[in-house]
Student: 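One structure follows; several queries about it will come next.
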Amino acid sequence: MNAYQRMCTQLKTTGLYRLDNTTIVEAEMKAYADVMSQLQEQLQAILKNGFFDIVNGTMTEKFDILFGLPVHSDPNVPESEGERKDKIKLMKRRLAVRNTDFYLQAMKDQLELGGIKANLTESPENREVQVTILEDQNYFLQNSEKQAFIQSILPCHVKAVVTFLE
């Protein structure tokens, strides 16, 4: 049943309207129903693509970007199911991280969400944190991407000084 039919069904029971395809009320209802149908289609598309654990296709790239994960390099070759499941686990873990989690263990946990294990050494007088990468799963292929990811985890007034793996 479309929006117009639902409106007619509900209005007929009131007995207030003549609904025989000759009234202005019906013309208005048809105009409303057209807009409502478009809205319903948009809502269905949002629902279809709104959950990262069931989405596929081009929407996966949008979720990867949203969560700061590397985008799959070749759009013609889909990610393996294992890769996708790993990314979904990371996304769910990232949803649990708050922007107030700036204590040492929380920052290490956030680094692990980016595939990086590291030692962190604070230097409050210089407003720096020395980040020595110990393990790297290469979620970010370029050192500049890794640097940006690490900096995004730290408080804005602190500079990350990163020592990368050779």
Student: Return the set of residues passing side-chain contact (heavy atoms from CB on, under 4.5 Å) with Lys117 (not counting sequence neighbours), or none when no residue passes.
Tutor: Glu112, Glu135

Student: Should Arg18 and Val25 count as side-chain neighbours, where that means a heavy-atom distance under 4.5 Å?
Tutor: no

Student: Do Val35 and Leu43 sit in the same hydrophobic cluster, where Ile, Leu, Val, Met, Phe, Trp and Tyr count as joined when their side-chain heavy atoms come under 4.5 Å apart?
Tutor: no

Student: Set out, in order, the CA-CA distance, both residues' side-chain angles and the distance that settles side chain to side chain contact (heavy atoms under 4.5 Å, CB included) for Glu128 and Val158, then state yes or no.
Tutor: CA-CA 5 Å; Glu128 294 178 343; Val158 176; 5.5 Å; no

Student: Looking only at the side chains, is there a donor atom on one of Glu26 and Thr23 sitting less than 3.5 Å from an acceptor on the other?
Tutor: yes

Student: Is it true that the side chains of Gln105 and Asp109 contain a donor and an acceptor less than 3.5 Å apart?
Tutor: yes

Student: Would you give the length of the straight line joining atom OG of Ser37 to atom NZ of Lys30, rounded to the nearest 0.5 angstrom?
Tutor: 13.0 Å

Student: Looking only at heavy atoms, what is the nearest atom pair of Ala3 and Met36, with distance?
Tutor: CB-CB, 4.0 Å

Student: Tell me, which pairs form a ring-ring contact (aromatic ring centres under 6.0 Å, His included) where one or both residues lie in residues 107-155, sequence neighbours left out?
Tutor: Phe140-Phe149

Student: Looking at Glu81 and Lys85, is any side-chain nitrogen of the basic one under 4.0 Å from a carboxylate oxygen of the acidic one?
Tutor: yes

Student: Has Glu145 got a side-chain atom pairing as donor or acceptor with Gln142's backbone, closer than 3.5 angstrom?
Tutor: yes

Student: When you look at Leu120 and Lys108, which way does the side chain to side chain contact (heavy atoms under 4.5 Å, CB included) test go after all the steps?
Tutor: CA-CA 8 Å; Leu120 303 174; Lys108 284 185 174 184; 4.0 Å; yes

Student: Ignoring hydrogens and geometry beyond distance, is a side-chain donor-acceptor pair present between Thr163 and Gln130 at under 3.5 Å?
Tutor: yes

Student: Where the side chain of Gln5 meets the backbone of Asn2, is there a donor-acceptor pair that is under 3.5 Å apart?
Tutor: yes

Student: Here's a test for you: under side chain to side chain contact (heavy atoms under 4.5 Å, CB included), which of Val131, Leu165, Ile133 qualifies with Ile116?
Tutor: Ile133

Student: Given Leu19 and Leu11, is the side chain to side chain contact (heavy atoms under 4.5 Å, CB included) satisfied, shown in steps?
Tutor: CA-CA 9 Å; Leu19 301 173; Leu11 288 177; 4.1 Å; yes

Student: Pick from Asn138, Leu141, Val162: which one makes a side chain to side chain contact (heavy atoms under 4.5 Å, CB included) with Lys146?
Tutor: Asn138

Student: Do the side chains of Leu154 and Leu104 join up, straight or via other hydrophobic residues, at under 4.5 Å, putting them in one cluster?
Tutor: yes

Student: Any side-chain heavy atom of Met91 within less than 4.5 Å of one from Asp64?
Tutor: yes

Student: Taking it one step at a time, do Ile153 and Leu111 satisfy side chain to side chain contact (heavy atoms under 4.5 Å, CB included)?
Tutor: CA-CA 8 Å; Ile153 290 171; Leu111 284 173; 3.6 Å; yes

Student: Less than 4.5 Å apart, side chain to side chain, heavy atoms only: is that true for Lys12 and Tyr17?
Tutor: no

